[in-house]
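Each chain gets a letter, A, B and so on, in the order its sequence line appears, and its residues count up from 1.
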Amino acid sequence: DTEVTQTPKHLVMGMTNKKSLKCEQHMGHRAMYWYKQKAKKPPELMFVYSYEKLSINESVPSRFSPECPNSSLLNLHLHALQPEDSALYLCASSQGGVAPNEKLFFGSGTQLSVL
Amino acid sequence: AQSVAQPEDQVNVAEGNPLTVKCTYSVSGNPYLFWYVQYPNRGLQFLLKYITGDNLVKGSYGFEAEFNKSQTSFHLKKPSALVSDSALYFCAVTGNTGFQKLVFGTGTRLLVSP
């Protein structure tokens, strides 16, 4: 299995809703990432987990809450989002951790719309 | 701070012709450079990377890139373009910070016409 699987593919939520994005990989990778990509923009790093511990938080607002329950699973919990948070949320993983030479394997993303 | 510039929003090329997608970078210390491709409604796929060593890096699907330290460039090339190469291409850089913190360029859309 060489895939990073993200669910759901599409999500529409109101500003008062609570929802979660899910990401799975079964490649034995030791690092997992959340990126945010606005339309016609490059991906921007949000969070990095290495060996199931949060290594990097790029000053992301607290309405986004990451969780790494085990080495194969990464969640992003969403609460009280704003319309400007609408974007494609990409999950990625890397094999050996967060060394700068690691290549990333990306999922297809969750397209989030906040109404 | 590290940064990447992709000066062309779009590159048009006819099938069978060579293609070049340009990228320049700015980083403190030695750079780690990457090219990723994104097809519509999909995540990014890794094409190739430069870490150290040979300045000409070969990657997936017949793509290659040339690292030029004096010009701080890392242009993506392919000798003969295919219609199926049409996609959005991102150059990315990370410095030797100890962490994989990719900074992406703004992307270049490649359109290969039949």
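For A:F47 and A:F64, the distance between ring centers is not under 6.0 angstrom. Checked against the 6.0 Å centroid threshold, B:F67 and B:Y50 count as a close aromatic pair. Ring to ring, A:Y35 and A:F106 are close: their centroids are under 6.0 angstrom apart.
Neither the backbone nor the side chain of A:Q111 comes within less than 4.5 Å of any heavy atom in chain B. When heavy atoms are compared at a cutoff of 4.5 Å, B:I51 approaches chain A solely by way of its side chain, counted from C-beta outward. Neither the backbone nor the side chain of B:Q45 has a heavy atom closer than 4.5 Å to any heavy atom of chain A.
When B:V103, B:L102, B:D9 are compared by the number of non-hydrogen pairs under 4.5 Å with chain A, B:L102 comes out ahead. Per-residue heavy-atom pair counts under 4.5 Å with chain B were compared for A:K40, A:K41, A:Q37, and the maximum is reached by A:Q37. Between chain B and the options A:L45, A:V48, A:I56, heavy-atom pairs under 4.5 Å are most frequent for A:I56. Comparing A:G107, A:P43, A:A31, A:S55 by how many heavy-atom pairs each has under 4.5 Å with chain B, the most go to A:P43.
In summary, B:E66 and B:K77 engage in a salt bridge, as defined by a charged side-chain N under 4.0 Å from a carboxylate O. A salt bridge links A:E58 with B:K101: the closest approach of a Lys/Arg side-chain nitrogen to an acidic carboxylate oxygen falls below 4.0 angstrom. For A:E44 and A:K36, the salt-bridge test fails: no basic side-chain N is under 4.0 Å from an acidic carboxylate O.
Checked by atom type and distance alone, the side chain of A:Q25 pairs as donor or acceptor with a backbone atom of A:M27 at under 3.5 Å.
Looking at B:Q10 and B:N12, their side chains do bring a donor and an acceptor atom within 3.5 Å of each other.
Applying a 4.5 Å heavy-atom cutoff, the residues of residues 81-96 of chain A that approach chain B are A:L88, A:L90.
B:E15 has its side chain within reach of B:L82: a pair of non-hydrogen atoms, C-beta onward, lies under 4.5 Å apart.
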